[in-house]
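I have placed the structure first, in the form of structure tokens, so that the comments after it can refer back to it.
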Amino acid sequence: MSTTSSTIVNLPDQRTATIPKKNYINAEDGLLSWLLTGDHKRIAMLYLISITFFFFIGGIFAGLIRLELLTPQPDLVASDTYNKLFSMHGIIMVFLFLVPSVPATVGNFLMPIMIGAKDLAFPKINLLSWYLYVVGGIMTLAALVLGGVDTGWTFTTPLSTHYVNTHVVTAGLAIFVAGFSSIFTGLNFIVTIHRMRAPGMTWFRMPLFVWSNYAASIMMVLGTPVLAITLVLVVLERTIHIGVFDPSLGGDPLLFQHLFWFYSHPAVYIMILPGMGVISEIISTFSRKRVFGYTAVAFSSVAIAVFGFFVWEHHMFIMGVSNYSALVFSLLTMLVAVPSAIKVFNWSFTLQKGSITFETPMLYAFAFIGLFTIGGLTGVFLAALGMDIHLTETYFIVAHFHYVMVGGMLMAFLGGVHFWWPKMTGRMYPESISKLSAVTSFIGFNLTFMPQFILGYLGMPRRYHAYPAEYQVLNVLSTAGATVLGIGFLMPLIYLTWSLKYGAIAGNNPWQATGLEWQIQSPPLTENFIETPVIDYEAYDYEWLAKKTEQEVTTVG
Amino acid sequence: MDNTIVATHDIHAEEHHHAALPQHRHHFETAEQQREAGTFGMWLFLLTEIMFFGGLFFAYLLYRNWYNPAFVAGSNQLSIPLGTANTAILITSGFFMALGVWAAEVRKRGLLVIFLLLTNLFGLIFLGIKGVEYTEKFEKHHVPGASFDISEFVNPPLNPKTHKPIEEPLSPDMAQKTQVFFSLYFAMTGMHALHMVIGIVLLTWLTVRAYRGDFSSGYVAPIENFGLYWHFVDIVWIFLFPLLYLINRHPGT
């Protein structure tokens, strides 16, 4: 194999590759054939388009927030408009982008292929899940157009139930509906992984991407219903004034916090786990090595899913919970760092003595590892009770979760989209400009959020549209960074769209990767496999791939 | 060149061994796999439902602990005869559902339709009785909201024989908390009733399909899975009934 040069996209069959005559994209024509499809690959593309749309809507709000914070005075928007801006930014980014990002797009596309199945177990439920997402999205937009919500993305009671006069009911129901979309995706994944694996695809031969999506699906299935009932109670409380969270009727607002964070903390892992799966695939492929400690990485995903359900109270340390329970939750929170660290160390060991190449997905993966480590470690700061009291509700928190969500998940999402773009579309993205965009996002990201750690440590509270003048330098840096970051995110939108028509034809396996998805044509057939594959090798087995390639060359020659 | 995997694997001979049933979907290898996947999916869905109701049960247990006297007074307002009748009716409905699954499995179309209709009928009776109970709460102003009336809990009516209050009077502050009880009562039974309504709609659709003979040729997965759902809704009521109606009534009297 001629993998000596800096990139591996130069194998003989790449130059002669053609787009296959029959594939899932041209299998049927017309808009309706897409809107009524049961094909997991087409649904993944529908999801990709819709979450990209909402990502940029949420991004516009982020831009307006940063623009307002350019100066200490409240000069761009009024204070309640500002409240609506950060609320809508949070709601859209969390529920309509981050939660479905990797699982519903690349996960939907690849998970059945990776385990050798023709489709997800329930194609119609998969389509229903997309429609629920769209309905939830439209309702969110309706709440936005009607005047917005200003409770923050957390819908905190009694603010959301009694004090604000904005469209909490519309937004709450929107999230309720979108929640079911995520429940159905998770349910579909779990059943598919349990029941649809190809012969020989044992649990410990599955790619780690499947493992991490499995762990995330368990959390979606167990956590999201609790959010759903919580939102129902908030809506009932607002509309017919039942008294479950209302202190004036004897209800307890803290109960809302418990129920909400019982979902919304696991939701953080719902968002990050599939991203970790993407990183495992990318690191292994571009180091030409099996992921170090495969079993440990697989089980660390499950461990995160289990621990993730027992840490929710760390969002409430300053809200009057008992000191003893705070102590327990502080300890449990620190324990989550262990499986996360297992992953980071194992990725690093995978790199050791690997034949590393620096394609765009790999750059995103490196960004992920670095930024996620910073985000994770600052999480350990926040898990410490004394530190949390100082830092909570400051920009330190904002920086911390953006390091995990944007620096982690968004980088993983972009890495995954680039990595599997040849498989999804049959065409390559332009390599040099995409490297530039990866580096731009990395620089822009750090410029945006590193100053916020300092701002938070110095005491600048989150969710205010004005601040004392001495914070301005750091805020200007942050806004400048956000501009760079915005450019970094816009570039892929443009060149990926361009590549749909003008990109180089990718061929089946441009990365010479071992995954089952790379052994079929790109873009795949509607039924994925002509014959049901039988798996008699481990995941990431590069020797197997080398042998297979050799044999093919001899048969053809 | 098409490097599709595993040229060594010879299954050409048994290819297209499916199509035993018209309902068999192409992406499943066998009808058995399809059935297993469907049932497994249903169980997972019920798991999400447990978590959904779990939030309500959690709130109930918390507030019951905090405002025990108010919850006792509140639950004394609920009618045990009606609740018991409803429990019996729902179990009967579940019984007919189980018979319906059996009828589908032995491919008896007529029996299946009859059992599904009976299931549905008992479900409707349950909702009817629930409606009667709700109406009474409306009349007594025990529905949470602006018109909620606590007078009955502060000054309970007198027993005509002994001329003593039939119940321990609550302080106005604690009497206010009965509203939390009724909030949860309506949220929990209402959520349960909503699941019944959804079930009845689905069941009507299944009955029509059963009448057309869709489930008389060995394809019973929808009936089975709906049965699981219906039994789940029953079980939720089996927990709601003692929690709301039965436990700790009339302490001290």
Side-chain angles (χ1 to χ4, degrees), chain A residues 13 16 20 38 112 116-123 125 183 186-188 190-192 194-196 199 221-226 228-230 232-233 236-237 240-244 249-252 255 258-259 262 508-509 516 519-521 527 529-536 548-549 552 556, chain B residues 1-12 15 25-29 33-34 36-45 47-56 58-60 62-63 66-67 70 143-146 148 173-174 176-187 190-191 194:
Chain A
D13 71 324
T16 52
K118 286 185 187 135
D119 204 325
L120 286 172
F122 309 116
I125 290 180
I183 289 176
L187 195 148
N188 228 333
I190 296 177
V191 175
T192 309
H194 272 271
R195 288 278 180 264
M196 313 271 293
V221 165
L222 290 178
T224 321
V226 180
I229 188 65
T230 314
V232 166
L233 288 173
L236 287 178
E237 191 143 337
I240 61 170
H241 308 294
I242 67 164
V244 178
L249 295 175
D252 183 9
L255 176 66
H258 279 291
L259 292 176
F262 182 83
N508 297 347
N509 194 356
L516 213 42
Q519 317 308 324
I520 58 172
Q521 67 174 38
E527 56 272 25
F529 300 97
I530 297 168
E531 285 175 15
T532 309
V534 173
I535 289 82
D536 52 3
K548 177 173 170 277
T549 318
E552 268 162 15
V556 172
Chain B
M1 193 186 75
D2 187 11
N3 27 350
T4 311
I5 201 161
V6 273
T8 52
H9 183 58
D10 268 319
I11 54 160
H12 297 274
E15 218 172 284
R25 296 203 186 282
H26 243 273
H27 62 286
F28 288 106
E29 288 290 306
Q33 188 191 27
Q34 177 176 353
E36 273 180 7
T39 313
F40 185 38
M42 195 63 211
W43 278 106
L44 269 179
F45 178 71
L47 189 62
T48 71
E49 290 277 30
I50 290 173
M51 296 308 287
F52 186 80
F53 279 100
L56 284 172
F58 182 78
Y60 178 85
L62 175 78
Y63 290 132
W66 281 6
Y67 310 128
V143 179
F148 191 77
D173 191 40
M174 184 53 79
Q176 243 343 305
K177 306 295 191 282
T178 53
Q179 194 160 342
V180 177
F181 174 82
F182 283 107
S183 294
L184 283 168
Y185 168 78
F186 278 104
M191 215 34 89
L194 179 67

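Chain letters run A, B, ... following the sequence lines, proteins first, then strands; residues in each count from 1. This is a predicted model, so every value here is computed, not measured.
- Looking at B:Y67, its side chain does come within 3.5 Å of a backbone N or O of A:G250 through a donor-acceptor pair.
- With values rounded to the nearest 0.5 angstrom, B:T39 atom OG1 is found 8.5 Å from A:R195 atom CZ.
- Taking OG1 of A:T192 as the reference point, atom CZ of B:F40 lies at 10.0 Å (rounded to 0.5 Å).
- Looking at A:V244 and B:L56, their side chains never come closer than 4.5 Å, going by heavy atoms from C-beta outward.
- Taking CG from A:L187 and CH2 from B:W43, the interatomic distance works out to 13.5 Å, rounded to the nearest 0.5 Å.
- Contact detail for B:G41 and A:V191: the closest heavy-atom pair is CA-CG2, 3.5 Å.
- B:E36 CD to A:M196 CE: the interatomic distance, rounded to the nearest 0.5 Å, is 11.5 Å.
- Interface residue B:L62: only side-chain heavy atoms are found under 4.5 Å from chain A.
- In this structure a side-chain-to-backbone donor-acceptor pair under 3.5 Å is missing from B:H27 to A:A117.
- Proximity of B:F58 to A:L255: side-chain heavy atoms (C-beta onward) are separated by under 4.5 Å at one or more points.
- When A:T224, A:T230, A:L120, A:I125 are compared by the number of non-hydrogen pairs under 4.5 Å with chain B, A:L120 comes out ahead.
- Side-chain contact between B:P144 and A:H241 is absent, with no heavy-atom pair separated by less than 4.5 Å.
- At a threshold of 4.5 Å between non-hydrogen side-chain atoms, the residues A:D252 and B:W66 count as touching.
- The distance from atom CD1 of A:I190 to atom CG of B:L47, rounded to the nearest 0.5 Å, is 8.0 Å.
- With contacts defined as side-chain heavy-atom distances shorter than 4.5 Å, the pair A:F262/B:M51 qualifies.
- Note that the CD1 atom of A:I242 and the CZ atom of B:F148 stand 12.0 Å from one another [nearest 0.5 Å].
- Shown here for A:A228 and B:F52, the closest heavy-atom pair between the two residues is CB-CE1, 3.7 Å.
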